[in-house]
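Structure, as structure tokens:
Residue numbers start at 1 and run along the sequence shown. Computed over heavy atoms, backbone and side chain alike; hydrogens, waters and symmetry mates excluded.
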Amino acid sequence: MNLFEAVQNAAGILKNKGIENPVWEAGLLMSYVLKKDISYVYTHHNCSLSPENYEKYKDLVCLRANGMPYQYITQNQEFMSLDFFVNSGCLIPRPETEILVEAALSVILDKNSCKIRVLDIGTGSGAIAVSIAFYAVQTVVDAVDISLEAIETAKRNAKTHKVNNRVHFLQKDFFSWEPDLPYDIVLSNPPYIPSSEISLLPVGITGYEPAAALDGGPDGLIFYREIAKKIEKLLKPGGSVFVETGAGQARFVSDIFKSCGLSASVYRDLAGTERVVRGDMK
Ligand code: GLN
């Protein structure tokens, strides 16, 4: 069996399962098995596949066909042009979340300070905390998550991108934690799915991503309320908070922020959905 035939067969299997980009994913899984770039797969159609690699490939294609997101198979997701290690203990970073990071970076890079204190609440894989530290060298970031498994993953990502000296990880339940000192910038992509809607999400999410990273309580808004409740402890005067929100939540989150004295503004994602709410402390 050559690479072309194996990828074609796999793509057919994935297509039958309704997977959106079957050829690309089949190629990606092959590149993972061969430990080569995806361009190698496209340019070595006639190379034969060893029986061991064929078996390995079949197993991975089967996992994907059964619904496991390919990122958990390859244990990798690119975010902000950086490679992040991911596993089932953390959410897979989403492209929408780059809007949050970019919005915060534009404020951070405008500040004339050599030490900007940043907090990331619910850091998961560390995608937000690590990218902020990577692209804004004047930042010192605290990253909180309740899950030890997520913290371990995030630490690994901080080390990979050589920002582990400026990102500090805390395994804490945000609802019972308060910082010693307030921050210049607070960021969060919190769990925001209303509890009753979780079971309606695609199986690739519900079956594989950690429920604790998704569940935002009865109306999906509990984390935003907790941030608002603690805002005086979290944010310095003149500081800003940036949160990602689910579709339709931005106006509720803006109201929550306004009710604790922040001025609120909203950023849209590339699909035009209101995705990030910014709150500024006067
Ligand atoms: N902050 C992480 C991310 O954006 C995890 C978010 C979460 O688990 N809700 O990917």
Side-chain angles (χ1 to χ4, degrees), residues 19 21 24-41 53 56-57 59-64 66-102 104-105 118-137 139-172 187-191 202 204-214 244:
I19 286 161
N21 297 308
W24 182 80
E25 289 202 21
L28 182 86
L29 293 177
M30 180 60 84
S31 76
Y32 177 72
V33 166
L34 300 176
K35 301 189 179 70
K36 301 271 192 206
D37 234 64
I38 196 157
S39 57
Y40 178 92
V41 177
N53 280 342
K56 213 164 145 190
Y57 186 57
D59 288 347
L60 300 189
V61 170
C62 181
L63 286 175
R64 181 64 190 111
N66 286 330
M68 181 182 277
Y70 69 83
Q71 295 94 331
Y72 285 148
I73 300 174
T74 61
Q75 297 196 304
N76 185 268
Q77 172 62 44
E78 192 227 89
F79 180 81
M80 292 295 294
S81 305
L82 302 172
D83 273 332
F84 281 86
F85 170 81
V86 291
N87 60 22
S88 57
C90 65
L91 200 78
I92 298 164
R94 306 292 204 268
E96 305 86 277
T97 308
E98 294 184 349
I99 307 281
L100 173 87
V101 172
E102 277 164 5
L105 278 177
V118 178
L119 172 67
D120 176 23
I121 302 161
T123 197
S125 65
I128 296 172
V130 170
S131 331
I132 292 282
F134 185 88
Y135 289 109
V137 292
T139 54
V140 177
V141 184
D142 285 343
V144 178
D145 202 290
I146 193 170
S147 154
L148 181 61
E149 209 182 342
I151 292 281
E152 276 164 2
T153 296
K155 276 187 180 164
R156 173 173 173 162
N157 285 318
K159 217 165 176 184
T160 302
H161 297 297
K162 301 187 172 60
V163 293
N164 46 317
N165 56 337
R166 285 186 295 109
V167 187
H168 310 117
F169 294 97
L170 303 157
Q171 190 213 347
K172 297 282 177 199
L187 296 160
S188 187
N189 173 23
I205 299 178
T206 50
Y208 297 93
E209 301 206 76
L214 302 168
E244 181 170 325

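Side-chain atoms of Y57 come within 3.5 Å of backbone atoms of A26 as a donor-acceptor pair (strictly under, hydrogens ignored). For T139 (side chain) and V141 (main-chain N/O), no donor-acceptor pair under 3.5 Å exists by modelled atom type. Formation of a donor-acceptor pair under 3.5 Å by the R166 side chain with backbone atoms of V140 is not found in this model.
Side-chain atoms of E102 and M80, non-hydrogen and from C-beta on, do get closer than 4.5 Å to each other. Side chains of N53 and L34 form a contact here, defined as non-hydrogen atoms less than 4.5 Å apart. Contact check for F79 versus S131: side-chain heavy atoms found under the 4.5 Å cut-off. Looking at heavy atoms from C-beta onward, L187 lies out of side-chain contact with L119 at the 4.5 angstrom threshold. A heavy-atom distance below 4.5 Å is not found between the side chains of K172 and I146. Looking at heavy atoms from C-beta onward, E25 lies out of side-chain contact with V61 at the 4.5 angstrom threshold.
How far CG of L28 is from CD1 of I38: 5.0 Å, rounded to the nearest 0.5 Å. Here the straight-line distance linking atom CD of Q77 with atom CD of Q71 works out to 4.5 Å at 0.5 Å rounding. The line from CD of E96 to CG of N189 is 8.5 Å long, rounded to the nearest 0.5 Å. With rounding to the nearest 0.5 Å, the separation of CG in L214 from CG in L91 is 6.0 Å. D83 contributes atom CG, which lies 9.5 Å from atom OG of S81 (distance to the nearest 0.5 angstrom). The structure places CG of N87 at 8.0 Å from CZ of R156, a figure rounded to the nearest 0.5 Å.
A side-chain contact (heavy atoms from CB on, under 4.5 Å) with S188 is found for one member of I128, I121, T123, V144 and no other, namely I121.
A tilted orientation is assigned to the rings of H161 and F84, their planes being inclined by 30° to 60°.
Here the closest heavy-atom approach between residue N157 and residue F85 is recorded as OD1-N, 2.8 Å. When all heavy atoms of L105 and A136 are compared, the pair lying nearest together is CD2-CB, 3.9 Å. Taking each heavy atom of G124 and C90 in turn, the nearest pair found is C-CB, 3.9 Å. Closest heavy-atom contact between P210 and Y72: CD-OH, 3.8 Å. Across A104 and I132, no two heavy atoms sit closer than the pair CB-CD1, 4.1 Å. Closest of all the heavy-atom pairs between V167 and A143 is CG1-CB, 4.3 Å.
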Please determine whether side-chain contact (heavy atoms from CB on, under 4.5 Å) holds for the pair Y70 and I92, giving the CA-CA distance in whole Å, both sets of side-chain angles, and the decisive distance to 0.1 Å.
CA-CA 10 Å; Y70 69 83; I92 298 164; over 6 Å; no
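Residues satisfying the side-chain contact (heavy atoms from CB on, under 4.5 Å) criterion with I73, sequence neighbours excluded, are L29, L60, L63, R64, M68. Legend: residues meeting salt bridge (charged side-chain N to carboxylate O under 4.0 Å, His left out) with R94, ordered by chain and number and at least two apart, are E209. Under the rule for a side chain to side chain donor-acceptor pair (under 3.5 Å), D145 has no partner lying at least two apart in sequence or in another chain.
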